[in-house]
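Notes to accompany the following structure.
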There are 2 protein chains.
Amino acid sequence: MPKPQAEQAPGAASLAPLDPGMFDPVCPSTLVPFRVVDKWAPLVLRCLEDGPRRFSELRVPLRGITAKSLTHSLRALEQDGFVVRAEHEGAPRHVEYAMTPLGRGLLGSLDTVCAWTREHWDELLDAREAGLSRADVR
Amino acid sequence: MPKPQAEQAPGAASLAPLDPGMFDPVCPSTLVPFRVVDKWAPLVLRCLEDGPRRFSELRVPLRGITAKSLTHSLRALEQDGFVVRAEHEGAPRHVEYAMTPLGRGLLGSLDTVCAWTREHWDELLDAREAGLSRADVR
DNA sequence: CGGTATCCCGGGTGATACTG
DNA sequence: CAGTATCACCCGGGATACCG
């Protein structure tokens, strides 16, 4: 485990200074990069997979997300270059969000995790059940 | 995007009911499985990569983690079957934590994300910088 | 050594209302 | 339609103190 970096406040996953190459055990954002830690961001990204979507279109599959949270995630994803915002003219207003190549790449790499999860789904469930019953005993 | 499942409180990532195969846009835990959302858990797992470690040994690389948080993460990882706890006898007390095959598998799949991150590090930094300066303008 | 038990704080999240 | 503004709440996480 290389070089535990000194002064990195954990939790400052979003705009923290970043250090290439090195694994910093204190900063989750190096392990699970950037917005992945965010509650909604990965899901928002996923929803943009098949093409650009409008604000209100995004709210449908992400049931329960508030406008505020969606705005927040979109802004964050935009700042990190995973998503682009395009404002088309006309009334009523029309705004579209789309994935960038970078966003697509991130999503792709996340897919391998998803794939692993699906592959080992039964083991995961079993292990958890076992873990829970053991917790009962204690 | 298949079947948005009805009643899944987002945020209940840890012990929520899980649905195999399907992608549930409301539950982050299907995209980023289980403990990955947790702040420390992935890092704890990472620290166990090279072999079993004791409680206090884990606290070294994870600088700044409190005993409470470490305990919490370890318990969670244990419950989900990613880690095993072994209590050896003798005074002073001696407890060791080790990865299970499942844990190793999860970590492995996470590694692909890490690899992607490292590969695209420069792009990530550039994109973010661009995003930030754009944020200034607004 | 390997933890618990408390207290406390900040922010992430939601609910609701309002606006260009 | 695409958001902002405001309030309010919960709880993850840290600090500190204590225990077997």
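Chain letters run A, B, ... following the sequence lines, proteins first, then strands; residues in each count from 1.
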* Asked: Is the shortest distance from a Lys or Arg side-chain nitrogen in D111(B) or R46(B) to a carboxylate oxygen in the other one below 4.0 Å?
  -> yes
* Can you list the steps and then say if L74(B) with W40(B) is a side chain to side chain contact (heavy atoms under 4.5 Å, CB included)? -> CA-CA 9 Å; L74(B) 284 170; W40(B) 290 107; over 6 Å; no
Close N/O contacts between protein and nucleotides 5-10 of chain D (under 3.5 Å):
none

* To do: Work out which heavy atom in A67(A) is nearest to a heavy atom in F55(A); give both atom names and the distance.
  => O-CZ, 3.8 Å
* Euclidean distance, atom CG of residue L62(A) to atom P of dG14(C) [Å, nearest integer] -> 11 Å
* Can you tell me if R104(B) uses its side chain to pair, donor with acceptor, with the backbone of F82(B) under 3.5 Å? -> no
* From CG (L70(B)) to CZ (R75(B)), nearest 0.5 Å -> 9.5 Å
* Atom pair CG/OH of L77(A) and Y97(A) - distance to nearest 0.5 Å -> 10.5 Å
* Structure fact -> From CH2 of W40(A) across to C1' of dG12(C) the rounded distance in Å is 12 Å
* **Atom-pair distance (CD1 on I65(A); C1' on dG14(C)), nearest Å** => 11 Å
* Distance from L102(B) atom CG to D80(B) atom CG, nearest 0.5 Å? -> 9.0 Å
* Shortest non-hydrogen contact from M99(A) to L45(A)? -> SD-O, 3.7 Å
* To do: Output yes when at least one side-chain N/O atom of S69(A) is less than 4.0 Å from OP1 or OP2 of dG14(C), else no.
  => yes
* Interatomic distance, L62(B) atom CG to E57(B) atom CD [nearest 0.5 angstrom] -> 12.0 Å
* Shortest non-hydrogen contact between I65(A) and R59(A), atoms and distance -> O-NH2, 3.2 Å
* Quickly work out the L43(A) CG to dT13(C) C1' distance and round it to whole Å. => 15 Å
* L70(A) CG - dT4(D) P separation (whole Å) -> 11 Å
Might you list the N or O atoms of the protein lying below 3.5 Å from N or O atoms in nucleotides 1-3 of chain C, with each pair's distance?
{"unit_1": "dC1(C)", "atom_1": "O3'", "unit_2": "R54(B)", "atom_2": "NH2", "d": "3.1"}
{"unit_1": "dC1(C)", "atom_1": "O3'", "unit_2": "R93(B)", "atom_2": "O", "d": "3.3"}
{"unit_1": "dG2(C)", "atom_1": "OP1", "unit_2": "R54(B)", "atom_2": "NE", "d": "3.1"}
{"unit_1": "dG2(C)", "atom_1": "OP1", "unit_2": "R54(B)", "atom_2": "NH2", "d": "3.1"}
{"unit_1": "dG2(C)", "atom_1": "OP1", "unit_2": "V95(B)", "atom_2": "N", "d": "3.3"}
{"unit_1": "dG2(C)", "atom_1": "OP2", "unit_2": "S56(B)", "atom_2": "N", "d": "3.4"}
{"unit_1": "dG2(C)", "atom_1": "OP2", "unit_2": "S56(B)", "atom_2": "OG", "d": "2.6"}
{"unit_1": "dG3(C)", "atom_1": "OP1", "unit_2": "R85(B)", "atom_2": "NH1", "d": "2.4"}
{"unit_1": "dG3(C)", "atom_1": "OP2", "unit_2": "Y97(B)", "atom_2": "OH", "d": "2.6"}

* **Terminal axis angle for the helix from dC1(C)-dG20(D) to dG20(C)-dC1(D), five pairs an end, nearest 10 degrees** => 50°
* Does one hydrophobic cluster hold both L58(B) and V84(B), with members joined at side-chain heavy-atom distances below 4.5 Å? -> no
